[in-house]
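Note that the structure is a prediction, hence the values are computed from the model and not measured. Whatever order the structure lists ligands and atoms in, that order sets their numbers, starting from 1.
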Amino acid sequence: MSRTPIIIDTDPGVDDAAAILLAFASPEIEVLGITAVAGNVPLTATLANACRIVALSGRTEVPVMAGAEGPLLREQVYGKYAAIGAFPEHLVGSGGVTPAPEHAAAFIARTARAAAEAGTPITLCAIGPLTNIALALRLHPDVARGIARIVCMGGAFTALGHRVPWAEFNVFADPHAAGIVFGSGVPLVLFPLDVTMQALFTADHVAALRDGGSAGGRALAALLSEYDRSDPARYGRPGGPLHDAMTVAWLIAPDLFTGRPARVGVEEGGTTPGHTWADFTDPSAAATVMSQVDEAGYIALVVDRIAARAPAAQKETTA
Ligand code: RIB
Ligand code: CA
């Protein structure tokens, strides 16, 4: 099986944790590195959380790097769960993984340029504000050549925003970075709120994660229990989304998703910064905007893989 080489750029974040655990539990994916960015919580916490997930997964060969501690131009905004900060040790543990010294943008640029040289372009899995990726793209013209595609959780086209009514958080947190990424010419596969909110993880799914036997499943179940994302008022039924895991799930099982080619853009200033738009009239457009997901298939993939394999750990004895 040929493995897809990816860098995960992330602001963990509970749903980021699910995406990283899914990637580690999937033989189809080769994680080259994890780059942290400020977003859900400040950079110090996103970096610590990324290190803890790597330690928990036993994947200490995967480097973790710190990136931008704030957006390119706009004032800093954090996620609505910013109070979480660093994951509590009783939920995820600290693990003893320390970040590599290289800056995230430099790591992305160096890795992409080497991939361009070798003719083996990489995939960027962008599941936080796009600041690191925008910086990397600006470091050298060869960076874009080494990136096969950017699979990005971001934007809202038919759905309302959730951090603000007009925008999805990752784009809202750094609209200028999103503008650079959207305009880079690198093929873009976007998972907007339109599709990520179609799949809701319920208490039964949390129990399956908890009881599946893996340390990763137990940790994710603990995070989902502690930080319940269900919102029946918004979704009209029990459960909450794991937005970011869709990007990794698509790399593993693309047939679970339906998307359309589109030209996409973002409002970088004005009264609705971070608002995203899509023009679906051009079949040759460079972006693909996902609009539908097989909810049951997606949830089963996430739960079964993480519960069983992330990482396989001794079942707790009942004695
Ligand atoms: O809007 C959802 C996105 O914002 C997710 O990536 C979540 O982790 C936060 O970063
Ligand atoms: Ca995220």
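Nearest approach of Glu61 to Gly58, heavy atoms of both residues: OE1-O, 4.3 Å. In terms of heavy-atom proximity, Ala156 sits nearest to Thr276 at O-OG1, 2.8 Å. Between Asp194 and Ala159, the shortest heavy-atom contact is OD1-N, 3.1 Å. The heavy-atom pair separating Val289 from Ala262 by the smallest distance is CG2-CB, 4.0 Å.
Side-chain atoms of Asn49 come within 3.5 Å of backbone atoms of Gly85 as a donor-acceptor pair (strictly under, hydrogens ignored).
Once rounded to the nearest 0.5 Å, the distance linking OG1 of Thr10 with CG of Asn170 reads 9.0 Å.
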At less than 3.5 Å, what protein N or O atoms come close to the N or O atoms of ligand 1? Include the distances to 0.1 Å.
unit_1: ligand 1; atom_1: 1 (O); unit_2: His162; atom_2: NE2; d: 2.8
unit_1: ligand 1; atom_1: 1 (O); unit_2: Glu168; atom_2: OE2; d: 2.5
unit_1: ligand 1; atom_1: 4 (O); unit_2: Asn170; atom_2: OD1; d: 3.2
unit_1: ligand 1; atom_1: 6 (O); unit_2: Ile127; atom_2: O; d: 3.0
unit_1: ligand 1; atom_1: 6 (O); unit_2: Asn170; atom_2: ND2; d: 3.0
unit_1: ligand 1; atom_1: 6 (O); unit_2: Asp244; atom_2: OD1; d: 2.5
unit_1: ligand 1; atom_1: 6 (O); unit_2: Asp244; atom_2: OD2; d: 3.0
unit_1: ligand 1; atom_1: 8 (O); unit_2: Asp15; atom_2: OD1; d: 2.6
unit_1: ligand 1; atom_1: 8 (O); unit_2: Asp15; atom_2: OD2; d: 3.3
unit_1: ligand 1; atom_1: 8 (O); unit_2: Asp16; atom_2: OD1; d: 2.8
unit_1: ligand 1; atom_1: 8 (O); unit_2: Asn40; atom_2: ND2; d: 2.9
unit_1: ligand 1; atom_1: 8 (O); unit_2: Asp244; atom_2: OD2; d: 3.1
unit_1: ligand 1; atom_1: 10 (O); unit_2: Asp11; atom_2: OD1; d: 3.1
unit_1: ligand 1; atom_1: 10 (O); unit_2: Asp11; atom_2: OD2; d: 2.9
unit_1: ligand 1; atom_1: 10 (O); unit_2: Asn40; atom_2: ND2; d: 3.2
unit_1: ligand 1; atom_1: 10 (O); unit_2: Asn170; atom_2: OD1; d: 2.8

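The number of heavy atoms from other shown groups lying within 6.0 Å of CD (Glu69) does not exceed 12. Atom CD of Gln76 has more than 12 heavy atoms from other residues, nucleotides or ligands within 6.0 Å.
Between Glu268 and Arg74, none of the side-chain N atoms (NZ, or NE/NH1/NH2) sits under 4.0 Å from a carboxylate O, so this pair counts as no salt bridge.
The tally of protein N/O/S atoms under 3.0 Å from the Ca ion (ligand 2) stands at 5.
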